[in-house]
Protein chains: 2
Amino acid sequence: MLRYICTMGIVRRTKSVDAILEEFKINSGAISVVSLVDQLSSRFNKTTVYRVLDRLEEDGILHSFLGKTGIKWYAKCSGCSASEHHDVHPHFQCLSCGKVDCLTVNVRIPSIPNRKVEASQILLQGQCEACLV
Amino acid sequence: MLRYICTMGIVRRTKSVDAILEEFKINSGAISVVSLVDQLSSRFNKTTVYRVLDRLEEDGILHSFLGKTGIKWYAKCSGCSASEHHDVHPHFQCLSCGKVDCLTVNVRIPSIPNRKVEASQILLQGQCEACLV
DNA sequence: TTATTAATGCAACTGTGTTGCAAATGTAAA
DNA sequence: TTTACATTTGCAACACAGTTGCATTAATAA
């Protein structure tokens with residue numbers, strides 16, 4: 001009974017779920033919601049795209065973050081589940097081609113006196129492999 | 001001839017410029033544009049607030065960054081000018097009281113193979129001094 | 001096959017930020 | 001002080017990302 005195991009996110013395997021997961025299979029990097037809505041606009045309503053992405057994130061299949069301009073991006077999670085989310089890695093946005101992806105490097109956050117750091121969002125920008133001349 | 005020295009940002013010392021700088025004198029941390037527009041709504045139009053903040057940033061008096069939800073925050077620069085911007089420090093947002101400020105710590109960004117990192121935005125979240133029980 | 005309920009589409013909305021333009025205001029020079 | 005004029009402002013309308021309510025559609029357990 002799928003619905004009891006997974007009460008928060010995806011319950012039914014619908015065409016939109018498949019289509020969105022397919023996009024993340026084709027594109028190994030991160031995808032902005034804007035481009036995803038645009039890409040799928042002939043087949044699905046933008047509200048649907050937003051809601052499916054929400055549910056996939058709840059299930060730990062995707063994770064989201066904001067790009068430089070504040071728009072939302074999603075990328076596949078690796079090693080995450082609905083209960084545990086291990087994605088505190090940095091993201092990298094290429095200033096030439098615009099491509100965004102996850103970095104596997106670990107950025108050490110120094111301990112801050114008198115504060116408790118509980119989460120971090122790190123966005124790096126520069127030139128990606130393909131754009132480095 | 002002020003207007004020739006400083007062609008990009010603030011040229012005239014107007015009431016709105018004074019009022020906004022005053023807010024940053026009162027509040028030592030970062031201030032979100034939303035709260036600033038709200039705070040000053042009886043005296044200035046929101047467009048004016050946005051434009052003055054833009055100009056103060058151009059002159060290197062303030063710097064801006066995005067909070068967790070993608071809204072814009074401004075904080076006073078220290079050691080910056082219109083030509084050189086030294087603010088690549090992390091920002092800290094308290095999850096309890098919502099206060100945001102600049103951290104003086106240096107986060108070392110490890111070099112990423114085959115990529116050139118040119119900029120970084122680091123937002124840390126947790127408990128600030130006042131909220132740490 | 002049917003009953004149930006999750007998922008969808010649509011339209012209208014929210015919130016943040018932007019633009020064009022006429023009117024107001026600050027400032028250099030007379 | 002007054003004048004001249006570019007900068008700054010307010011306003012209204014817009015742009016854009018994302019959300020909400022609700023009736024309809026479709027996936028799935030039985």
Side-chain angles (χ1 to χ4, degrees), chain A residues 1-22 30-59 61-74 82 93 98 100 123, chain B residues 1-21 30-59 61-74 82 93 98 100:
Chain A
M1 253 174 273
L2 185 55
R3 118 178 65 151
Y4 287 101
I5 294 166
C6 164
T7 42
M8 353 189 266
I10 297 292
V11 175
R12 294 178 182 176
R13 178 151 273 248
T14 60
K15 283 167 196 161
S16 58
V17 171
D18 280 342
I20 287 171
L21 288 176
E22 182 63 25
I31 312 179
S32 77
V33 182
V34 172
S35 73
L36 215 42
V37 164
D38 185 61
Q39 189 82 18
L40 301 171
S41 62
S42 61
R43 299 160 64 196
F44 306 103
N45 188 277
K46 72 167 175 172
T47 310
T48 301
V49 176
Y50 276 100
R51 291 200 272 225
V52 169
L53 290 169
D54 267 359
R55 278 181 269 141
L56 288 170
E57 182 166 32
E58 276 184 69
D59 288 341
I61 294 162
L62 299 178
H63 65 276
S64 70
F65 56 96
L66 301 181
K68 176 76 197 278
T69 58
I71 73 163
K72 212 168 186 181
W73 293 71
Y74 279 88
Q93 189 161 30
V100 176
L123 180 66
Chain B
M1 255 173 272
L2 186 55
R3 120 177 62 151
Y4 286 101
I5 294 164
C6 162
T7 43
M8 354 188 267
I10 298 292
V11 174
R12 293 179 182 177
R13 178 151 275 247
T14 59
K15 283 166 196 161
S16 58
V17 170
D18 280 343
I20 287 171
L21 287 176
I31 312 179
S32 75
V33 181
V34 171
S35 72
L36 215 40
V37 164
D38 186 60
Q39 188 82 18
L40 301 170
S41 62
S42 62
R43 300 159 64 199
F44 306 103
N45 188 276
K46 71 167 176 172
T47 311
T48 301
V49 176
Y50 276 100
R51 291 199 271 224
V52 169
L53 290 169
D54 266 0
R55 278 180 270 142
L56 288 170
E57 182 166 32
E58 276 184 70
D59 288 341
I61 294 161
L62 299 178
H63 65 276
S64 71
F65 57 95
L66 300 181
K68 176 77 198 276
T69 58
I71 72 163
K72 211 168 185 178
W73 293 73
Y74 280 87
Q93 188 160 29
V100 176

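All of these numbers come straight from a predicted model, not from anything done at the bench. Below, chains carry the letters A, B, ... as their sequence lines are ordered, and counting in each starts from 1.
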>> Whole angstroms only, please: what is the CZ-P distance between B:Phe44 and D:dG10?
In response: 7 Å
>> In whole Å, I'd like the distance from the CG atom of A:Asn45 to the P atom of D:dC22.
In response: 17 Å
>> Could you tell me how far apart B:Asp18 (CG) and C:dG26 (P) are, to the nearest whole angstrom?
In response: 10 Å
> Between C:dG9 and A:Thr48, is there an OP1 or OP2 to side-chain N/O distance shorter than 4.0 Å?
Replying inline: yes
>> Can you confirm whether A:Tyr50 sits close enough to A:Lys72 that some side-chain heavy atom of one is under 4.5 Å from a side-chain heavy atom of the other?
In response: no
> Is any side-chain nitrogen or oxygen of B:Arg12 closer than 4.0 Å to OP1 or OP2 of D:dA6?
Replying inline: no
> CZ of B:Arg43 versus C1' of D:dC11: gap in Å, rounded?
Replying inline: 19 Å
> For A:Asp38 and D:dG18, what is the distance between atoms CG and C1' respectively, to the nearest whole Å?
Replying inline: 16 Å
> C:dT25 P sits how many Å from B:Arg13 CZ, rounded?
Replying inline: 19 Å
>> Let me spell it out: for each of B:Thr14 and B:Asp54, pick the nucleotide of DNA chain C with the closest heavy atom. Which residue's pick is nearer the 5' end?
In response: B:Asp54
> Just checking B:Val37: base, sugar-phosphate only, or nothing, at a heavy-atom cut-off of under 4.0 Å?
Replying inline: nothing
> How long is the line joining CG of B:Leu53 and P of C:dT18, in whole Å?
Replying inline: 10 Å
>> Side chain of B:Lys15 only, heavy atoms from C-beta on: which candidate in C:dG26, C:dC10, C:dT16 is closest?
In response: C:dG26
> From the list C:dT19, D:dG18, C:dC10, which nucleotide is the closest neighbour of the side chain of B:Thr47?
Replying inline: C:dT19
> B:Trp73 and B:Gly98: which non-hydrogen atoms are nearest, and at how many Å?
Replying inline: CH2-O, 3.8 Å
> Can you tell me if A:Gln93 uses its side chain to pair, donor with acceptor, with the backbone of A:Gly67 under 3.5 Å?
Replying inline: no
>> Go nucleotide by nucleotide along DNA chain D from the 5' end; which of B:Val17 and B:Lys46 gets its closest nucleotide reached first?
In response: B:Val17
>> Does any part of the side chain of B:Phe65, heavy atoms only, come nearer than 4.5 Å to the side chain of B:Val100, both counted from C-beta?
In response: yes
> Ignoring hydrogens and angles, are the base of D:dG18 and the side chain of A:Lys72 linked by a donor-acceptor pair under 3.5 Å?
Replying inline: no
>> Can a donor-acceptor pair be found, under 3.5 Å and without considering hydrogens, that links the side chain of A:Asn45 to the backbone of A:Thr47?
In response: yes
> Hey, is the side chain of B:Arg51 poking within less than 4.0 Å of OP1 or OP2 on D:dG10, counting only N and O atoms?
Replying inline: no
> D:dG18 C1' sits how many Å from A:Glu57 CD, rounded?
Replying inline: 14 Å
